[in-house]
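This chain uses plain numbering: 1 for the first residue, then up along the sequence.
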Amino acid sequence: MFQFISKSLKFGILFLFLVPAFAFSQKQVDLNKLDEYFNQAFKDWKVPGMAIGIVKNDSLIFAKGYGLRDVEKTDKVDANTLFAIASNTKAFTSAALATLIEDEKLKWNDSVIKFLPYFELYDSYVTKNLTIADMLSHRTGLETFSGDLLWYGSNYSREEVIRRAKYLKQARSFRTSFGYSNIMYIAAGEIIQKVTGKKWEDYISETFLKPLGMNDTKTSITQLDYTKDVAMPHTFFDNKMIKIPYLNWDNVAPAGSILSSVNDMSKWIKLQLNHGTLNGKQYFNETSSRQMWTPYVNFYVNDGSEKLWPTTHFKSYGLGWGLMDLYGKKIVSHTGGYDGMLSTVCLIPEEKLGFVILTNANEMLFYSLYYKILDAFLSDSNADWSKYFLDRDISNKKHDADDKLQEEKDRDENEAATVELKEFCGTYKSELYGEAKVTLENKDFKVKMVPSPLFVGDLTHWQGNTFKVVFKNFPSLPYGKVNFILNAM
């Protein structure tokens with residue numbers, strides 16, 4: 001009898017409003033100079049494309065695209081180009097729940113099982129006491145990203161993903177610390193459907209996207225017309241930047257399926273900065289807005305962070321938003337990570353300022369521009385964040401490559417497997433993830449994840465009964481290892 005154990009795999013210009021200098025709270029911001037910085041950083045990081053939008057006092061003062069939508073074509077990114085915003089979707093889900101709370105259909109502190117009786121976590125106490133606010137603030141006690149392979153590339157429905165979460169063991173005590181969970185936002189979306197009778201995507205479209213005029217924004221890649229203004233995901237692989245296909249995220253939609261543009265996201269930013277009211281229409285009230293921006297769980301600010309950003313004294317998470325202070329201002333923001341696209345949305349409510357950065361590569365360029373924009377509007381700092389983070393990124397990648405080389409040196413490839421390859425073949429079952437099949441066909445030794453058809457991995461001998469696994473359909477993922485444990489009969 002064998003047990004299968006797999007190591008977790010972690011994973012043009014349309015509008016350009018520029019003036020020589022714009023006065024903001026006695027602070028002169030030269031948008032032309034800022035644009036020059038963006039353009040140079042874009043070139044230095046060698047990403048295919050990006051788009052940036054900046055809102056100030058209910059006006060979109062800067063909206064520009066850089067580079068290409070697709071490295072294999074010549075189409076330029078502009079302010080209407082669609083990108084996957086991934087986890088920036090979470091703020092939409094939180095705001096949708098706020099509308100239902102205002103309609104007295106639920107409360108932030110209602111228990112999840114009140115609406116989803118099938119909901120269950122590993123710890124029965126947590127199951128009984130977990131509230132909607134607990135889910136949205138990631139204080140369930142689960143490990144960050146735990147269970148993501150349940151939905152990532154799988155054919156499991158939203159309900160099935162939620163049902164299987166009961167097998168995820170608690171990593172820490174309930175409500176004591178932060179553990180980012182996409183699965184909890186899937187459950188939040190199912191609560192919306194339970195209360196309204198409408199699917200999450202329909203409620204989001206009817207409540208926010210259509211009335212705000214976010215007409216190009218999509219809630220699923222199935223709605224994309226790739227002949228139009230759509231950016232493609234990319235990753236760096238085999239010493240070059242390559243295009244990779246979109247992966248359907250419908251089963252995790254409430255946590256990350258929205259695709260949008262700088263122009264459309266500027267409307268969402270304006271709504272947020274106005275505490276839920278825009279153009280005379282109230283979407284949610286100021287109380288709800290402040291509730292979503294209230295710290296629910298705090299992060300440790302280490303000495304390294306303190307040295308880089310001495311004016312940041314706290315970091316925390318609210319309901320679908322990350323929170324911190326910088327230069328004496330409250331910063332409300334979130335990032336989004338889709339395979340091949342990274343993004344951020346940031347609000348500075350006191351300054352009536354907000355911005356969005358969208359990129360189509362697995363590179364951290366957005367993070368350096370995030371701090372450059374904050375510096376430009378809130379301080380006199382002229383720090384070169386792009387150079388700092390690019391140097392660090394290069395160093396980290398070299399360190400990772402050195403680690404892999406060392407790992408190769410340390411393995412004993414001469415330690416043979418204890419049985420022939422055909423003896424490892426069969427179907428393996430996990431209560432959490434489902435079935436995996438190991439096959440040997442014409443010397444091709446493979447593992448196939450049954451619930452996730454794209455996860456077909458090539459197995460090559462590492463040492464003993466451990467094999468290296470590479471999932472060629474996901475070039476952005478590092479290799480992993482599969483260890484076969486032979487149980488005594």
TODO: Flag the pair Tyr433 / Tyr167 as yes when their ring centroid distance falls below 6.0 Å, and as no otherwise.
DONE: no
Task: Glu351/Lys56 ion pair, N-O < 4.0 Å - done: yes
TODO: Check salt bridge (Lys or Arg N to Asp or Glu O under 4.0 Å) between Arg392 and all other residues, then give those that pass, not counting sequence neighbours.
DONE: none
- [ ] For Val161 and Asn251, work out which heavy atoms get closest and say how close.
- [x] CG2-ND2, 4.5 Å
- [ ] Would you give the length of the straight line joining atom CG of Asp202 to atom CD1 of Ile192, rounded to the nearest 0.5 angstrom?
- [x] 11.5 Å
Task: Shortest non-hydrogen contact from Val469 toward Gly457 - done: CG2-CA, 3.8 Å
TODO: Give the ring-plane orientation class for Tyr338 versus Tyr246, where under 30° counts as parallel, over 60° as perpendicular and anything between as tilted.
DONE: tilted
Task: Backbone of Ile61 reached by a side-chain donor or acceptor of Ser59 within 3.5 Å - done: no
- [ ] For the pair Arg175 (side chain) and Arg139 (backbone), establish whether a donor and an acceptor sit closer than 3.5 Å, ignoring hydrogens and angles.
- [x] no
Task: Among Asp325, Leu347, Leu374, Leu323, side-chain contact (heavy atoms from CB on, under 4.5 Å) partner for Ile331 - done: Leu374
TODO: Output every pair passing ring-ring contact (aromatic ring centres under 6.0 Å, His included) with a member in residues 38-58, not counting sequence neighbours, ordered by first then second residue.
DONE: Phe38-Phe62
Task: Verdict with reasoning, Ile183 to Leu168, per side-chain contact (heavy atoms from CB on, under 4.5 Å) - done: CA-CA 11 Å; Ile183 294 175; Leu168 293 170; 4.0 Å; yes
Task: Expected output: side-chain Asp70 to main-chain Asp75 donor-acceptor under 3.5 Å - done: no
Task: Test item: Thr140 side-chain N/O and Met135 main-chain N/O as donor-acceptor pair under 3.5 Å - done: no
Open item on the list: Would you compute the distance between atom CE of Met324 and atom OG of Ser305 and round it to the nearest 0.5 angstrom?
Closed with: 8.0 Å
Task: Check: Pro48 main-chain N/O paired with Arg69 side-chain donor or acceptor under 3.5 Å - done: no
Open item on the list: Nearest 0.5 Å, please: how far is CD1 in Ile54 from OG in Ser266?
Closed with: 12.0 Å
TODO: Kindly indicate, with the supporting measurements, whether the criterion side chain to side chain donor-acceptor pair (under 3.5 Å) is fulfilled by Asn215 and Asp264.
DONE: CA-CA 7 Å; Asn215 299 322; Asp264 270 11; over 6 Å; no
TODO: Answer with yes or no whether the side chains of Asp35 and Tyr66 bring together a donor and an acceptor at under 3.5 Å.
DONE: yes
Open item on the list: With rounding to the nearest 0.5 angstrom, report the CD1 to OG distance, Ile85 to Ser257.
Closed with: 8.5 Å
Open item on the list: Could you check whether Asp225 and Thr227, counting side-chain N and O atoms only, form a donor-acceptor pair closer than 3.5 Å?
Closed with: yes
Open item on the list: Quick one: does any side-chain atom of Ser94 pair with a main-chain N or O of Lys90 as donor and acceptor, under 3.5 Å?
Closed with: no
Task: Separation of Met232 CE from Lys73 NZ (nearest 0.5 Å) - done: 8.0 Å
Task: Exercise: identify the closest heavy-atom pair between Ser261 and Leu82 - done: N-CD2, 3.9 Å
Open item on the list: Please identify which of these residues, Arg163, Arg158, Arg164, meets the salt bridge (charged side-chain N to carboxylate O under 4.0 Å, His left out) condition with Glu160.
Closed with: Arg164
TODO: Report the residue from Tyr185, Phe92, Tyr317 that forms a ring-ring contact (aromatic ring centres under 6.0 Å, His included) with His334.
DONE: Tyr317
Open item on the list: Measuring only between side-chain heavy atoms, which start at C-beta, is Thr99 closer than 4.5 Å to Tyr203?
Closed with: yes
Open item on the list: A side-chain contact here means heavy atoms from C-beta on lying under 4.5 Å apart; do Leu68 and Lys76 qualify?
Closed with: yes
Open item on the list: Please determine whether the number of non-hydrogen atoms from other residues, nucleotides or ligands lying under 6.0 Å from atom NZ of Lys199 exceeds 12.
Closed with: no
Open item on the list: Has Glu306 got a side-chain atom pairing as donor or acceptor with Val301's backbone, closer than 3.5 angstrom?
Closed with: no
Task: pair Ile191-Val112: side-chain heavy atoms closer than 4.5 Å - done: yes
TODO: State whether Lys481 and Glu407 are salt-bridged, where the test is any N-O pair (Lys NZ or Arg NE/NH1/NH2 against Asp/Glu carboxylate O) under 4.0 Å.
DONE: yes
Task: Trace of the side-chain contact (heavy atoms from CB on, under 4.5 Å) decision for Asp339 with Trp249 - done: CA-CA 11 Å; Asp339 191 11; Trp249 277 24; 5.6 Å; no
TODO: Return yes if some donor-acceptor pair links the side-chain N/O of Asp78 with the main-chain N/O of Thr81 below 3.5 Å, else return no.
DONE: yes
- [ ] Look at the side chain of Ser154 and the backbone N and O of Pro451, then say whether any donor-acceptor pair between them is shorter than 3.5 Å.
- [x] no
Task: salt bridge (Lys or Arg N to Asp or Glu O under 4.0 Å) partners of Asp393, counting only residues at least two apart - done: Lys397
TODO: From the options Tyr296, Phe145, Phe299, select the one residue that forms a ring-ring contact (aromatic ring centres under 6.0 Å, His included) with Phe178.
DONE: Phe299
Open item on the list: Quick check against the 3.5 Å criterion: does Asp375 have a side-chain atom that pairs as donor or acceptor with the backbone of Lys372?
Closed with: no
TODO: Find out whether Lys240 and Val71 are in side-chain contact, i.e. whether some heavy atom of one side chain is under 4.5 Å from a heavy atom of the other.
DONE: no
Task: Lys218 side chain near Leu224 side chain, heavy-atom distance below 4.5 Å - done: yes
Task: Shortest non-hydrogen separation from Thr359 to Phe366 and the atoms involved - done: CG2-CB, 4.3 Å
Open item on the list: Before we go on, tell me: are the rings of Tyr367 and Tyr371 under 6.0 Å apart, centre to centre?
Closed with: yes
Task: Heavy-atom side-chain proximity of Ser289 to Phe284 below 4.5 angstrom - done: yes
TODO: First locate atom OH of Tyr180, then atom CG of Asp148, and finally report the distance between them rounded to the nearest 0.5 Å.
DONE: 9.0 Å
Open item on the list: Side chains of Pro349 and Trp293, heavy atoms from C-beta outward: is any pair under 4.5 Å?
Closed with: yes
- [ ] Look at the rings of Phe474 and Tyr152 and say which category their plane angle falls in: under 30° parallel, 30 to 60° tilted, over 60° perpendicular.
- [x] tilted
Task: Test: Lys404 and Glu408 ion pair at under 4.0 Å - done: no
Task: Worked check of side-chain contact (heavy atoms from CB on, under 4.5 Å) between Ile373 and Ile357 - done: CA-CA 10 Å; Ile373 295 172; Ile357 303 169; 4.1 Å; yes
Open item on the list: If you apply the rule side-chain contact (heavy atoms from CB on, under 4.5 Å), what do you find for Lys448 with Val456, and how did you get there?
Closed with: CA-CA 5 Å; Lys448 303 175 182 179; Val456 178; 4.0 Å; yes
Task: Donor on one side chain, acceptor on other, Ser333 and Tyr370, under 3.5 Å - done: yes
Open item on the list: If I compare all heavy atoms of Lys267 with all of Leu212, which pair ends up nearest, and what's the gap?
Closed with: CD-O, 3.3 Å
Open item on the list: Check this for me: Asp44, atom CG, are more than 12 non-hydrogen atoms of other residues, nucleotides or ligands nearer than 6.0 Å?
Closed with: yes
TODO: State, yes or no, whether a side-chain contact exists between Pro233 and Asn362 at a heavy-atom distance under 4.5 Å.
DONE: no
Task: Where Ser343 and Leu358 come nearest, the two heavy atoms and their spacing - done: CB-CD2, 3.7 Å
